[in-house]
Amino acid sequence: MLLLDRWLGLADRFSRWAVWFGGGLILASAFLVAVDVLLRKLFLVTVGGSDELSGYAFAIGTTWALGFTLLRRANVRVDALYSRLPAALCAILDIAALLALGLFVGLLSWQAWAVLDTSLAFNAKATTPLATPLWMPQLLWLAGLALFIFTLVPLLLRALLALLTGDLPAVRRLAGARTIEEDAADEAAHTASLKPRA
């Protein structure tokens with residue numbers, strides 16, 4: 001259990017850095033697109049490639065933020081029925097959701113690796129004016145998926161261990177859908193932290 005907790009702590013640190021990196025990419029691409037639009041409108045010139053680069057930034061930034069989203073349980077879940085189910089059933093469903101997510105991301109990563117391998121083998125380039133070597137954005141996209149798997153595995157194992165030992169509150173804390181009360185408490189704590197101290 002200690003090893004899993006350390007692994008989760010490491011994954012949390014990596015995911016914090018990764019979400020800032022991904023967010024920075026998306027902000028940089030938004031800035032580039034804004035500059036490109038202004039230059040076209042005012043001077044009839046273009047930076048060129050802003051649409052291509054922003055597409056790469058969005059794909060990469062999204063995968064690099066997945067681990068952080070998972071650990072914060074910030075993903076969108078339909079919980080109208082979930083909140084009315086017994087705690088034991090909710091815990092089983094939470095584990096099943098993590099397993100399904102792991103299966104999906106595992107298959108996605110496997111295919112992403114195959115695409116990257118093909119791009120490297122053929123030295124594939126984008127059919128755009130930038131002619132970007134496709135392995136570059138594909139490698140960064142795959143790295144985000146790998147980081148997500150690195151985060152998902154200890155979380156799943158830790159939640160499974162909690163389920164097997166009957167610690168249902170721990171399963172909910174690790175993998176359950178966030179409640180309205182949790183969201184409200186986080187917002188209240190955030191608001192309190194912004195108030196100046198006397």
- Between W64 and W17, is the ring centre distance below 6.0 Å?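 So the answer is yes for these two rings.
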- Query: Looking at W141 versus Y56, is the centre-to-centre ring distance below 6.0 Å?
  - Reply: no
Are [Y] and [X] linked, directly or through intermediate hydrophobic residues, by side-chain heavy-atom contacts shorter than 4.5 Å (ILVMFWY only)?
X: V153; Y: F68; value: no
X: V105; Y: L98; value: yes
X: L39; Y: L32; value: yes
X: L152; Y: L99; value: yes
X: L147; Y: L4; value: yes

- Query: Are any side-chain N or O atoms of W7 and backbone N or O atoms of F150, one a donor and one an acceptor, separated by less than 3.5 Å?
  - Reply: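 Side chain of W7 to backbone of F150: a pair is present.
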- Message: Please check this pair: side chain of R158 against backbone of D5, looking for a donor-acceptor N/O pair closer than 3.5 Å.
- Response: no
Measure across [X] and [Y] and return the closest heavy-atom pair with its distance rounded to 0.1 Å.
X: L168; Y: A91; result: CD2-CB, 3.7 Å
X: L134; Y: K125; result: CG-C, 3.9 Å
X: G61; Y: I26; result: CA-CD1, 4.3 Å
X: L145; Y: A112; result: CD1-CB, 4.1 Å
X: V47; Y: V35; result: CG2-CG1, 4.2 Å
X: G48; Y: L130; result: O-CD2, 4.4 Å

Salt bridge (charged side-chain N to carboxylate O under 4.0 Å, His left out) with [X]: which residues, sequence neighbours excluded?
X: R16; result: D12
X: D117; result: none
X: R172; result: none

- Item | For R6, all residues meeting side-chain hydrogen bond (donor to acceptor under 3.5 Å, both in side chains), sequence neighbours excluded |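 If we apply the side-chain hydrogen bond (donor to acceptor under 3.5 Å, both in side chains) test to R6, skipping adjacent residues, there are no hits.
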- Task: Taking side-chain hydrogen bond (donor to acceptor under 3.5 Å, both in side chains) as the test, write out the residues that go with S29, two or more places apart.
- Result: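 S29: no side-chain hydrogen bond (donor to acceptor under 3.5 Å, both in side chains) contacts found.
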- Task: Taking the side chain as every heavy atom from C-beta outward, state whether L8 and L71 have any pair of such atoms under 4.5 Å apart.
- Result: yes
- Query: Taking only residues at least two apart or on different chains, which pairs with a member in residues 84-103 satisfy side-chain hydrogen bond (donor to acceptor under 3.5 Å, both in side chains)?
  - Reply: R77-D94, Y82-D94
